[in-house]
Visitor: 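Encoded as C-alpha cells, here's the structure I'll be asking about.
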Amino acid sequence: MLHLLPLSTLLLVTQILASPLSHATSKPLPLLIWHGLGDNYAADGLHSVGDLAKATNPGTYVYYIRLDEDADSDRTATFLGNVSAQIDQVCHDISTHPMLSRAPGLNALGFSQGGQFLRGLVERCGDMVPMQTLVTFGSQHNGIAKYQVCNDDDWLCKGYIALLKANTWGSWVQSHLVPAQYFKETNDSTGEPAAAYLESSAFLADINNERELKNPSYAERLARLHHFVMYVFEDDQTVIPKESGWFAYTNASDGSVTGLREREIYKEDWIGLRALDEKGGLHFKTTEGGHMTLSDEVLTEVFETWFGAKSGQWSGVESEKQEIIEL
Ligand SMILES: *[C@@H]1O[C@H](CO)[C@@H](O)[C@H](O)[C@H]1NC(C)=O
Ligand SMILES: *[C@@H]1O[C@H](CO)[C@@H](O)[C@H](O)[C@H]1NC(C)=O
Ligand SMILES: *[C@@H]1O[C@H](CO)[C@@H](O)[C@H](O)[C@H]1NC(C)=O
C-alpha cells in the first residue's frame, strides 16, 4: 500500500530530566493526546493543539501518544495493527515514562478513533494510567456502521476499504486492519448486535462489554473517571453514524436514534457509564462542522473547563525538551 510508505523520516525526540522539583510549584496534570486515522504524533496540526493546551494552562506537560517513534510508522499503525496490542504498548509506554509515571493523575484528549482507544486504555490499563478526565472528539464509541468513502482517484484507499469490506469478520482482518476492530453490525429490525460481530469483533465488542461474559474491571475503571466529555460534530459525514460519539444507536433503516440512556449498555451499566453519569461525570456535547472541524475557541474552552489547574495539580519534574529532527 503506497500511502503507507515513508515520505520522509521524522523523529520526535523527547528528553526528560526526571528529577523532582526542589521547590513545589503547582502544575496542571499532564495531557495525553491520541490522534486519529491517517495522522501521526509529530504532525504540525496535532502539535498546534498541544501548544494551545500549554498556552491555556501554562506548565502542562503534553504527551503525544505514538506506536512508533518514527512518524511514518506511527501513521501506518493507525491503519494496520492489532488494536489490543497497540493499547498494551501504550499502557506500557505511559506507565514506564519518566514523567508520566510520576504524575498523580492524567488527562486525555482523543481525536476520532484515538478517543475509543483512550477509553480502551482506561478500561484495560486501569491503575497503571490514573486517568481523571477524558475528552473525545468525533469518536466511534458505538462503532461504525459503514467504512469511510474514498476519493475517486484514491486507489490505495479503495483497495484498503475493499479488503475491509470483503472480510470484516475474518480473523486476519480483525487482527490487522484497524477500522474493522471497531466496525459494528446491528440487525436493524431488532436493534441487536449481529452474531458475527459478537463472535468476532476483536476490540469494540470487548471494551463495550457486549458479550455474555462481562469484565467487571472495565466498568469499575471507567466509572472512576472524574469526567468523560464526548463531543459529536454536528455535520459529521465521515463517522457513520455520528451519534456513535455519544454511544447512541442509530437505526440505519429509518435514521431514528436511541440515546445511550435508553440502551442496555447504560441501564445494566456494562461499562460504568451509568455510575459516571449519576455522579455528574458524563457530558454530551456538540460542536459545529464536519468531522474534525476544530476551532481554537472550542479547544480553548475544553482546556479551560476540563484540563486547568483546578481539575488537579502536581509539582511536575524539572525539565523536558522536545524536538523534531529530520533524518
Ligand atoms: C492481538 O493482541 C492481543 C494483545 O496483545 C493478543 O492477546 C491477541 O492474541 C492478538 N491477536 C492476534 C490475532 O494476534
Ligand atoms: C434480524 O432479526 C430478525 C428477527 O429475529 C430476523 O428474522 C432476521 O433474519 C435478522 N436479520 C439478519 C440480517 O440477521
Ligand atoms: C428500525 O426502523 C425500521 C423501519 O422504520 C423499523 O421497522 C424497526 O423496528 C426499527 N428498529 C428498531 C430496533 O427500532
Side-chain angles (χ1 to χ4, degrees), residues 12-35 41-42 46-66 90-111 114-115 118-119 121-123 125-137 220-231 272 276 279-283 285 294-324:
L12 179 70
V13 180
T14 308
Q15 221 188 349
I16 291 163
L17 284 165
S19 50
L21 278 182
S22 42
H23 56 288
T25 49
S26 292
K27 293 173 186 241
L29 296 175
L31 175 63
L32 314 175
I33 301 182
W34 201 329
H35 60 79
Y41 82 105
L46 201 70
H47 284 251
S48 65
V49 171
D51 290 345
L52 187 61
K54 289 190 240 186
T56 310
N57 299 311
T60 305
Y61 175 72
V62 177
Y63 178 78
Y64 303 92
I65 291 178
R66 72 221 49 183
V90 170
C91 177
H92 174 265
D93 289 350
I94 293 172
S95 58
T96 56
H97 186 280
M99 170 139 3
L100 300 173
S101 62
R102 288 161 187 251
L106 300 167
N107 291 322
L109 177 61
F111 293 130
L118 278 166
R119 175 168 65 87
L121 183 74
V122 173
E123 295 180 31
C125 192
D127 296 336
M128 293 163 77
V129 174
M131 204 80 83
Q132 295 200 351
T133 294
L134 171 61
V135 179
T136 64
F137 274 96
E220 280 161 29
R221 290 167 181 162
L222 207 57
R224 238 184 266 152
L225 286 176
H226 297 187
H227 296 282
F228 181 9
V229 188
M230 304 174 288
Y231 274 88
L276 193 55
K279 71 171 186 186
L282 194 61
H283 309 271
K285 301 274 186 188
L294 288 164
S295 67
D296 282 6
E297 277 124 297
V298 170
L299 287 170
T300 303
E301 190 194 313
V302 163
F303 299 150
E304 281 172 350
T305 312
W306 306 109
F307 301 146
K310 67 176 188 297
S311 64
Q313 293 187 3
W314 73 309
S315 57
V317 297
E318 206 157 78
S319 79
E320 163 259 328
K321 205 174 119 201
Q322 287 197 335
E323 59 183 326
I324 293 174

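Both backbone and side-chain heavy atoms feed into the values below; hydrogens, waters and symmetry mates do not. Note that the numbering runs from 1 along the sequence shown for the chain.
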Visitor: For the pair Cys91 and Leu121, evaluate side-chain contact (heavy atoms from CB on, under 4.5 Å) and give the outcome as yes or no after the intermediate values.
Guide: CA-CA 7 Å; Cys91 177; Leu121 183 74; 3.9 Å; yes
Visitor: Would you indicate whether the side-chain heavy atoms of Thr60 and Asn107 approach each other to under 4.5 Å?
Guide: no
Visitor: Within the structure provided, determine whether Val135 and Phe303 are in side-chain contact (heavy-atom separation under 4.5 Å).
Guide: no
Visitor: Run the side-chain contact (heavy atoms from CB on, under 4.5 Å) test on Leu106 and Leu29 for me, step by step, so that the C-alpha distance in whole Å, both residues' side-chain angles and the decisive distance to 0.1 Å come before the verdict.
Guide: CA-CA 6 Å; Leu106 300 167; Leu29 296 175; 5.9 Å; no
Visitor: Under the side-chain contact (heavy atoms from CB on, under 4.5 Å) criterion, do Val302 and Lys285 qualify, and how do the steps go?
Guide: CA-CA 11 Å; Val302 163; Lys285 301 274 186 188; over 6 Å; no
Visitor: Where the side chain of Trp34 meets the backbone of Tyr64, is there a donor-acceptor pair that is under 3.5 Å apart?
Guide: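 No.
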Visitor: Show the nearest heavy-atom pair for residues Pro28 and Gly59, with the distance to one decimal.
Guide: CD-C, 3.9 Å
Visitor: So, His47 side chain and Tyr41 main chain: donor-acceptor pair closer than 3.5 Å or not?
Guide: yes
Visitor: Could you pull out all residues at least two apart from Glu123 that satisfy side chain to side chain donor-acceptor pair (under 3.5 Å)?
Guide: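 Glu123: side chain to side chain donor-acceptor pair (under 3.5 Å) contacts with Arg119.
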Visitor: Does any part of the side chain of Arg224, heavy atoms only, come nearer than 4.5 Å to the side chain of Asp127, both counted from C-beta?
Guide: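 Yes, side chains in contact.
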Visitor: Measuring from atom CG of Leu31 to atom CH2 of Trp306, what distance do you get when rounded to the nearest 0.5 angstrom?
Guide: 14.5 Å
Visitor: Roughly how far, to the nearest 0.5 Å, is CE of Met230 from CZ of Phe137?
Guide: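 Between Phe137 CZ and Met230 CE, I get 12.5 Å after rounding to 0.5 Å.
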Visitor: Just do the side-chain contact (heavy atoms from CB on, under 4.5 Å) check on Val49 and Leu109 with the steps written out, would you?
Guide: CA-CA 10 Å; Val49 171; Leu109 177 61; 3.9 Å; yes
Visitor: Does the Lys279 side chain pair with the main chain of Ala223, one donor and one acceptor, at a distance under 3.5 Å?
Guide: yes
Visitor: Can you give me the closest heavy-atom contact between Met131 and Ala108, atom names plus distance?
Guide: SD-CB, 3.6 Å
Visitor: What's the spacing between Leu100 CG and Leu32 CG if we round to 0.5 Å?
Guide: 6.0 Å
Visitor: Side-chain contact, heavy-atom cut-off 4.5 Å: Val122 with Phe228?
Guide: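 When only atoms from C-beta onward are counted, Phe228 and Val122 do not touch, as no gap falls below 4.5 Å.
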